[in-house]
Amino acid sequence: MDTSLSTIAVVGLGTMGTGIAEVLALAGREVIGIDISEAAALGAVTSLEASTARAVGRGRITEQERTDALARFRTSDDLRTAADAELVIEVVPETYEIKQQVFRELDAIVSPAAILATGTNALSVTRLAAESQRPERVLGLHFFNPAPAMKLVEVVSSVLTAPPAVEAVTALARELGKEPVAVGDRPGFVADGLLFGYLNQAAAMYEANYASREDIDAAMKLGCGLPMGPLALLDLIGIDTARTVLEAMYAESHDRLHAPAPVLGQLSSAGLTGRKAGRGFYTYDAPGGQAVVPDALTPAADAASGAGRDVASVGVAGSGTMASGIAEVFAKAGYDVVLAARSQEKADVAKGRIAKSLERSVTKGRLTAEARDETLARITAAGSLDAFAEVDLAVEAVAEDLGIKQQLFAALDKVCRPGAVLATTTSSLPVVAIARATARPEDVIGMHFFNPAPAMKLVEVVRTVLTADDVHATVRTVCARIRKHPVDCGDRAGFIVNALLFPYLNNAIKMVEEHYASLDDIDAAMKLGGGYPMGPFELLDVVGLDVSLAIEKVLHKEFRDPGLAPAPLLEHLVAAGCLGRKTGRGFREYARR
């Protein structure tokens, strides 16, 4: 099989096809862009001219390179112009009927040595290959949008694909400056297989009126470092496209997590398919526009949550990293802070940890020496909760154990003055169960900080059915003063972030269990294809496999969904004491310090 792949046809000149054509032309390939729509072909030429002009303006390519690339790109409305192509990449609408028709016609046009690639991200490559007269030359070549910028390319083999064809397109992907990941044929492959389950759960969370679209998106951006929130991403992808992908995934997996949330079907049926329609979960300035404009669901900028209680002093219970970080946050914001631990020695050690953190900030130029001293002076270390007698807000950051937290709140109930707000930082336990350990559950609320607290901007504000309105208003006001972004959510397992994050992590583990892809390929796929700051296995090892397992168990117990059951591999690793970076071994091994 000739694998030079110097002449390549791209069938379908929508956004993705045009982007792929640009990448190929700039890499020195002769590119034939084919589309039955003359407008689409003209649009592709215009887009390529504009994109390469911007590249010249930014110094990424020379004017001569631009001229040469444009000269290598020609368009046609006739599939027969693909006759001389050594590789044909189809990026036509995501239906079997259209794609199979293209493949049948190409069979009679291209040479026996040509490779036929489908750009599908949802349909079976095997099924498409079976329609071809030479299925051994058919494979998947899944680029990510926008193709010129995104580095990941999933190279998808069916059981019929010949290895030389895979080797040829893998080599091509590397020559294009992409990172090819070899995967087998199942809907969604790696990146979309993990991504769309997460997006579906976010849509279901919104549909259940658990949290607003703005809070869901902000939570995942600020809590996980993602470039976009899930609902905004669904609008970008196209809600109809997402529903098609999920339908294909569910048809194979029968996993309820892949059953499209009804809201996706409702929006699609109404023509509210996202940015391309000008409206989806959000409303945009125009069809195809990027700017979100206010609509009936947009929170008012001056919306007040009601009058809150005055807070001048804060008590933080605990002596670990989270407690120290929270105390530092409040002290930096000007609050008087009492940091209480089980002994004076532990409290002093925790305050010493804060002193070191502040010193690092001074060294890095983020804090003045004067501000460091003022912040540290606002913190009083105490060896008993009795020191909380006059605080206005008490925040606990002790072990994630319901019994321990209930015991602590029973003590706070006796120590803290009437009217003081009592907050738990739990990430997985029912806040109401903690509140009921007190005689004043209306004063109790969740304030879920993220680690490291001084750096992470998100706080999940968790109201129970008993939490008073002014307590909620107080915490929202406090979050603004400490420069954190509060998101409101109800009292159920995982709140927003963990309820969306950990099923995604669990599904990544299942991919490895099923020998579908390697740790490295999955991590690379999510970083390069999804814009995630860390791959799922990097993140699991950082969080701790024992912590992850505990959260998975809580989610499974709460929602009773078989798809949320912890992956056996995770349970085995925890049982073996392989807990991640903190033990030197988790999914990967680490050098011991």
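Residues I445 and V421 have side chains in contact (heavy-atom distance under 4.5 Å, counting atoms from C-beta outward). Annotation: side chain of D523 is not in contact with side chain of Y532 (no heavy-atom distance under 4.5 Å). Taking the side chain as every heavy atom from C-beta outward, L422 and C416 approach each other to under 4.5 Å. Side-chain contact between I522 and Y516 is absent, with no heavy-atom pair separated by less than 4.5 Å. Between F502 and N507 the shortest side-chain heavy-atom distance does not fall below 4.5 Å. Looking at L528 and F144, their side chains never come closer than 4.5 Å, going by heavy atoms from C-beta outward. Between T474 and L393 the shortest side-chain heavy-atom distance does not fall below 4.5 Å.
Partner of V316 under the side-chain contact (heavy atoms from CB on, under 4.5 Å) criterion, chosen from V329, V391, V337: V337. Among I326, V462, V459, the single residue meeting the side-chain contact (heavy atoms from CB on, under 4.5 Å) criterion with M447 is V459. For the side chain to side chain donor-acceptor pair (under 3.5 Å) criterion with H472, the lone passing option out of T467, T477, D488 is D488.
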Verdict with reasoning, L564 to Q201, per side-chain contact (heavy atoms from CB on, under 4.5 Å): CA-CA 12 Å; L564 295 176; Q201 287 179 282; 4.2 Å; yes

Residue pair R353, E328: steps toward the salt bridge (charged side-chain N to carboxylate O under 4.0 Å, His left out) verdict: CA-CA 10 Å; R353 188 182 299 118; E328 179 181 333; over 6 Å; no

Salt bridge (charged side-chain N to carboxylate O under 4.0 Å, His left out) assessment of R275 paired with D235: CA-CA 5 Å; R275 284 192 187 183; D235 276 356; over 6 Å; no

Pair K351-S324, side-chain contact (heavy atoms from CB on, under 4.5 Å): steps then yes or no: CA-CA 7 Å; K351 184 174 180 179; S324 299; over 6 Å; no

side-chain contact (heavy atoms from CB on, under 4.5 Å) evaluation trace for M228 with D217: CA-CA 7 Å; M228 293 183 74; D217 280 354; over 6 Å; no

V444 vs L466, side-chain contact (heavy atoms from CB on, under 4.5 Å): CA-CA, chis, key distance, verdict: CA-CA 8 Å; V444 179; L466 302 175; over 6 Å; no

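With hydrogens and angles disregarded, a donor-acceptor distance shorter than 3.5 Å links the side chain of D491 to the backbone of V431. Formation of a donor-acceptor pair under 3.5 Å by the D541 side chain with backbone atoms of R588 is found in this model. Of the possible polar contacts, none joining the D192 side chain to the L195 backbone as a donor-acceptor pair under 3.5 Å is found. Using a distance-only test at 3.5 Å, with no hydrogens or angles considered, a donor-acceptor pair links the side chain of D392 to the main chain of A312. At least one donor-acceptor pair under 3.5 Å links the side chain of N506 to the backbone N or O of A567. The backbone N or O of V487 lies less than 3.5 Å from no partner atom in the side chain of E460, so there is not a single donor-acceptor pair. Side chain of K484 to main chain of A453: a donor-acceptor pair is present (N/O by atom type, distance under 3.5 Å, no hydrogens or angles). Using modelled atom types, one side-chain atom of Q344 and one backbone atom of A381 make a donor-acceptor pair closer than 3.5 Å. The main-chain N or O of L569 is found under 3.5 Å from a side-chain atom of E513 such that the two form a donor-acceptor pair. Within the 3.5 Å criterion, the main-chain N or O of K405 finds no donor-acceptor partner in the side chain of E396.
Scanning both residues, A411 and L385, for their nearest heavy atoms gives CB-CD1, 3.9 Å. The minimum heavy-atom distance between A420 and D443, with the atom names listed, is O-CB, 3.7 Å. G563 and L257 get closest at one heavy-atom pair: O-CD1, 3.7 Å. Listed here is the closest heavy atom pair of A399 and I404: CB-CD1, 4.0 Å. When all heavy atoms of A355 and L376 are compared, the pair lying nearest together is CB-CD2, 3.9 Å. Considering every non-hydrogen atom in both Y282 and A232, the closest pair reads CE1-N, 3.9 Å.
A tilted orientation is assigned to the rings of Y504 and Y198, their planes being inclined by 30° to 60°. The aromatic rings of H448 and F450 sit tilted, their planes meeting at an angle between 30° and 60°.
Atom CZ of R342 has 12 or fewer neighbouring heavy atoms from other residues, nucleotides or ligands inside a 6.0 Å radius.
For residues 547-576, no pair satisfies side chain to side chain donor-acceptor pair (under 3.5 Å), with sequence neighbours left out. Here ring pair (Phe, Tyr, Trp, His ring centres under 6.0 Å) pairs that include residues 315-347, with residues two or more places apart or in two chains, are F330-Y335. The side chain to side chain donor-acceptor pair (under 3.5 Å) pairs that include a residue from residues 360-383 are E359-R372, where partners are two or more places apart or lie in different chains. For residues 433-442, the side chain to side chain donor-acceptor pair (under 3.5 Å) pairs, not counting sequence neighbours, are D413-R440. Every pair passing ring pair (Phe, Tyr, Trp, His ring centres under 6.0 Å) that includes a residue from residues 204-232 is listed here, sequence neighbours excluded: Y206-F281.
A donor and an acceptor atom, one from each side chain of S268 and D240, are nowhere located under 3.5 Å apart. Counting only N and O atoms by type, the side chains of E390 and S313 include no donor and acceptor under 3.5 Å apart. Counted by atom type alone, T298 and R213 present one or more donor-acceptor pairs between their side chains at under 3.5 Å.
Not counting sequence neighbours, F409 has no partner by the ring pair (Phe, Tyr, Trp, His ring centres under 6.0 Å) test.
Here the CD1 atom belonging to I551 is positioned 8.0 Å from the CG atom belonging to L501, to the nearest 0.5 angstrom. Taking OG of S319 as the reference point, atom CG of L339 lies at 8.0 Å (rounded to 0.5 Å). The distance from the CG atom of L505 to the CG atom of L194 is 9.0 Å, given to the nearest 0.5 Å. Remark: L231 CG to L199 CG distance equals 8.5 Å, nearest 0.5 Å. Note that the CG atom of L429 and the CG atom of L402 stand 5.5 Å from one another [nearest 0.5 Å]. Once rounded to the nearest 0.5 Å, the distance linking NZ of K332 with CG of L367 reads 6.0 Å.
Ion pairing of D469 with R463 is present here, as a side-chain N (NZ or NE/NH1/NH2) and a carboxylate O approach within less than 4.0 Å. Between D295 and R279 there is no salt bridge, since no side-chain nitrogen of the basic residue lies less than 4.0 Å from a carboxylate oxygen of the acidic one. Between E514 and K510, no side-chain nitrogen of the basic residue sits less than 4.0 Å from a carboxylate oxygen of the acidic one, so the salt-bridge criterion is not met.
Between F196 and Y250, the distance from one ring center to the other does not fall under 6.0 angstrom.
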